[in-house]
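Everything below concerns the one structure shown next.
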Amino acid sequence: MAAVGHDWAAAKHTYSATATGKEIMWSLVRFRKWYVDAKLLELRYRYPNLRIRSVGSVTLTSDYDITVSGPGDVDAVEWFNNTFRREWGKESATVFDTNLYVKDFMPERSNFALTLHDPRGPDAPWWNAEHHPRSWKPSDTTGTWEAVGKPRIDPAGKDTEITQPTADTNRALADFDQDVAALTKQRKYMTQPQWDAYVTDIVAQAASRTRGTTATRYRAADSIHTRAVTDLAQQLAKETTAPLDGRTEQEIIDSFEHTEPDTVVRARNKLYIKLARQVRATQSAYNNDPTDENALLAKQQISYSLCHAMEAYHSEGAVRHVVGGQSGSGITVTPAHYLQSFNEQLGDFLKDLTHYADSGEAFFQSAKYLMRMVDAAQQAIRTTGVRLGDEGTALLEQLSELGHDDYVLLRIRKNRDRFDGMPTTEKSRAAVGEYRYALGVEDKDQLRQRSSHLRRKSTHASERRFRRDVV
C-alpha cells in the first residue's frame with residue numbers, strides 16, 4: 001500500500017494486471033477486511049446496540065462499504081473516520097475504498113458475526129481468537145471470498161421503517177422532493193451550460209400543461225446542487241485555508257479533486273456527519289411531535305446529507321430499488337421509486353462517462369449503472385403503463401442487452417472469463433465493438449445523443465404520475 005501512496009484505486013491499477021500482482025491484490029483485499037472488521041468489532045464494544053451490515057461480493061474490484069444503524073450510529077461513524085484518519089493520515093475511502101454510512105431510507109439489520117457485549121470493556125485487545133469476526137476463505141464455486149459459518153444477527157429483529165408523511169398531498173410532495181434529489185445526481189456531473197441546454201430540451205419536449213412543474217423540478221435540483229457546492233467549498237476552506245483567488249467555488253473543488261482528492265473526501269466526510277446529526281435531530285423532533293412537516297423535513301435532510309456521502313445514492317427510490325428491491329429483502333418499491341432510480345442511475349452513468357477519457361473504458365466501467373438504469377426503466381414502464389413508442393422501446397431493448405448481468409460489458413468490468421488479465425486497451429476495443437454492434441455508436445457523445453429519448457420519456461412519465469397523485 002505504501003508503494004502506491006496508500007491509495008486503493010492506484011493499487012487496483014498497479015496490481016490487477018498480472019498474475020503476481022493479483023496475488024498481491026488478494027492479500028490487500030484480505031488485509032482490508034481484517035482491518036475494517038476489527039474496527040467494526042470495536043464499534044460494537046463502544047456502541048453495543050448498533051446494527052452493522054455490509055452487502056456485495058468480495059472481489060478484486062469491489063468496494064467494502066458498511067451501514068450502521070441504531071443508537072449512536074452517527075457517533076460511531078465519526079469515531080471510525082477519526083480513528084482511521086489518525087492511523088493512516090488519509091480517509092478510508094482513499095486507502096481502502098471503504099465508507100461507513102448511517103441508516104437512511106431503509107430499515108437495517110445486522111449481518112456481522114460480532115460479539116454483542118464484551119465484559120472486558122472497549123479497550124480490550126481485539127485480536128484474541130474468541131473475539132475475532134468470522135474468518136473468510138476462497139470459494140471454488142463463486143471464485144471470490146466467502147465468510148465461514150453463519151452470521152450472528154445482533155441485535156435480533158428488524159429495524160423500523162423510515163417515517164413517512166400520512167396525508168396524500170404530503171406523500172406526493174415527498175415524491176416530488178425525492179424526484180428532485182435524484183436529479184441532483186444528474187446535475188452533479190454536468191457543467192452549467194450542459195445542464196441549461198439539457199433542461200431547455202426537456203422542458204420544450206414536455207406537454208404544455210406540465211412544463212411549469214417540469215421546470216420547477218429541474219430548477220430545484222440546480223438550486224440544491226449550488227447549495228452543495230457552496231457547503232463543500234466552505235468546508236474545504238476550513239480544512240485547508242485555501243484562498244479564493246478569484247476562482248468560483250466549483251473551480252476550487254475541481255482543483256482539489258485534481259491535486260488533493262483525499263482532502264475533498266475528508267471535507268465531504270465531515271459534512272456528512274454534520275448533516276446526519278441534523279437528520280437525527282429532526283427525527284427526534286418527530287418522535288415528540290409526529291407531524292407530516294417533520295416527516296417531510298427528515299426525508300429532505302437525508303437526501304441532502306447523501307449529496308455529501310461518498311458514492312451514495314441521493315434518493316429514496318434508488319436506495320429502495322437497488323439495495324432493497326434487488327436484494328430480495330421484501331422492501332416495497334413503488335412506481336415513483338423506479339422513476340427516481342432511473343434518473344439517479346442515469347446520473348451515475350454520466351459520472352462514469354465523464355470520469356473515463358477513453359470511450360471504450362467508459363463504456364465498460366459504466367456497465368453496472370447501465371444495467372440498473374435499464375431495470376428501473378423497465379419496472380417503471382411495467383408499473384405505470386407508460387408507452388415509449390417504437391424508437392424508445394427499441395432503444396431500451398438494445399440497452400437491456402448491453403447491460404445484462406451476463407453480457408460482455410459486465411464481464412469486462414468484472415474481469416471475468418477471457419477478459420481476466422486483458423490489457424485495458426483491448427478491453428476498451430471490445431467494449432466499443434459491443435456498442436457499435438448494438439447501437440451503432442463508437443464514442444461517448446454519440447451515446448449521450450441516443451439516450452436523450454429515454455430521458456425525456458422518464459421525465460414526462462414522472463410529471464403525469466405527480467399530477468395524478470396530487471389530484
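- The distance from atom OG1 of T240 to atom CD of Q235, rounded to the nearest 0.5 Å, is 10.0 Å.
- Interatomic distance, CG of D348 versus CG of L353, reported as 11.0 Å (0.5 Å rounding).
- With sequence neighbours left out, R280 forms a side chain to side chain donor-acceptor pair (under 3.5 Å) with D73, Q283.
- Residues satisfying the side-chain contact (heavy atoms from CB on, under 4.5 Å) criterion with V199, sequence neighbours excluded, are W195, V203, Y218.
- Within the structure, salt bridge (charged side-chain N to carboxylate O under 4.0 Å, His left out) pairs that include any residue of residues 224-236 comprise R227-D231 (at least two apart or interchain).
- Atom NZ of K12 has more than 12 heavy atoms from other residues, nucleotides or ligands within 6.0 Å.
- Annotation: salt bridge (Lys or Arg N to Asp or Glu O under 4.0 Å) contacts of E316 (sequence neighbours excluded): K299, R320.
- In terms of heavy atoms, G70 sits closest to L50 at O-CD2, 4.3 Å.
- With S341 contributing its side chain and H337 its backbone, the two residues share no donor-acceptor pair below 3.5 Å.
- Nearest approach of A174 to P165, heavy atoms of both residues: CB-CG, 4.0 Å.
- With sequence neighbours left out, the salt bridge (Lys or Arg N to Asp or Glu O under 4.0 Å) criterion links R85 to E91.
- Not counting sequence neighbours, the partners of D65 by the side-chain contact (heavy atoms from CB on, under 4.5 Å) test are D63, N99, Y101.
- A heavy-atom distance below 4.5 Å is found between the side chains of D37 and L40.
- Counting heavy atoms from C-beta outward, H6 and W88 have side chains that approach closer than 4.5 Å.
- Looking at heavy atoms from C-beta onward, D222 lies in side-chain contact with Q192 at the 4.5 angstrom threshold.
- A heavy-atom distance below 4.5 Å is found between the side chains of W8 and M25.
- Under the 3.5 Å distance criterion, the side-chain polar atoms of N294 are matched with a main-chain donor or acceptor of D289.
- The backbone N or O of T166 lies less than 3.5 Å from a partner atom in the side chain of D292, making a donor-acceptor pair.
- Within the 4.5 Å cutoff, no side-chain heavy atoms of F105 are placed close to those of S315.
- In this structure, S303 contributes its side chain and Q300 its backbone to no donor-acceptor pair below 3.5 Å.
- I253 and A233 make their closest contact through CD1-N, 4.1 Å (heavy atoms, listed as atom of the first residue, atom of the second, distance).
- In this structure a side-chain-to-backbone donor-acceptor pair under 3.5 Å is present from T230 to T226.
- In this structure, K185 fails the cation-pi test against Y189, since its NZ or CZ atom is not both closer than 6.0 Å to the six-membered ring centre and inside 45 degrees of the ring normal.
- Every residue two or more places apart in sequence or in another chain was checked for a salt bridge (Lys or Arg N to Asp or Glu O under 4.0 Å) with E361, and none qualifies.
- Q365 meets the side chain to side chain donor-acceptor pair (under 3.5 Å) test with no other residue; sequence neighbours excluded.
- Here the closest non-hydrogen pair linking R268 and C307 is NH2-O, 3.9 Å.
- The side-chain heavy atoms of V74 and E78, taken from C-beta on, include no pair separated by under 4.5 Å.
- Between the NE2 atom in H314 and the NZ atom in K188 there is a gap of 5.0 Å [rounded to 0.5 Å].
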With side chain to side chain contact (heavy atoms under 4.5 Å, CB included) as the test, would you mind laying out the steps for W79 and E42 before giving the verdict?
CA-CA 10 Å; W79 179 89; E42 187 167 355; 3.5 Å; yes
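- For R51 (side chain) and S69 (main-chain N/O), no donor-acceptor pair under 3.5 Å exists by modelled atom type.
- The CG atom of L350 sits 5.0 Å away from atom CE of M190, with the distance rounded to the nearest 0.5 Å.
- Considering only residues two or more places apart in sequence or on other chains, N81 meets the side chain to side chain donor-acceptor pair (under 3.5 Å) condition with none of them.
- When ring centroids are compared, Y356 and F364 stay outside the 6.0 Å threshold.
- Tested against Y313 for a side chain to side chain donor-acceptor pair (under 3.5 Å), the candidates Q345, E344, Q340 yield a single pass: Q345.
- Here the closest non-hydrogen pair linking L43 and A76 is CD2-O, 3.5 Å.
- Contact annotation: the side chain of Q301 never approaches that of L275 to less than 4.5 Å [non-hydrogen atoms, C-beta and beyond].
- Using a 4.5 Å heavy-atom cutoff, the side chains of F84 and T98 are not in contact.
- Here the closest non-hydrogen pair linking V77 and I273 is CG1-CD1, 3.6 Å.
- Judged as a side chain to side chain donor-acceptor pair (under 3.5 Å), and not counting sequence neighbours, S16 has no contacts.
- Annotation: salt bridge (Lys or Arg N to Asp or Glu O under 4.0 Å) contacts of R266 (sequence neighbours excluded): E239.
- To the nearest 0.5 angstrom, L296 atom CG is 12.5 Å from F176 atom CZ.
- Of the inter-residue distances, the one linking R217 atom CZ with N343 atom CG reads 9.0 Å to the nearest 0.5 angstrom.
- Residue pairs meeting the ring pair (Phe, Tyr, Trp, His ring centres under 6.0 Å) criterion with at least one member in residues 267-306, sequence neighbours excluded: Y304-H308.
- Under 4.0 Å is where a charged nitrogen must lie from a carboxylate oxygen, and between R277 and D75 at least one such pair does.
- S305 places a side-chain N or O within 3.5 Å of a backbone atom of I302 that can act as its donor or acceptor partner.
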Show, in sequence, the C-alpha distance, side-chain angles and deciding distance for M1 and R32, and conclude whether the side chain to side chain contact (heavy atoms under 4.5 Å, CB included) test is met.
CA-CA 11 Å; M1 286 301 293; R32 173 178 69 176; over 6 Å; no
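- Under a 4.0 Å N-O distance rule, the pair D262/K90 does not qualify as a salt bridge.
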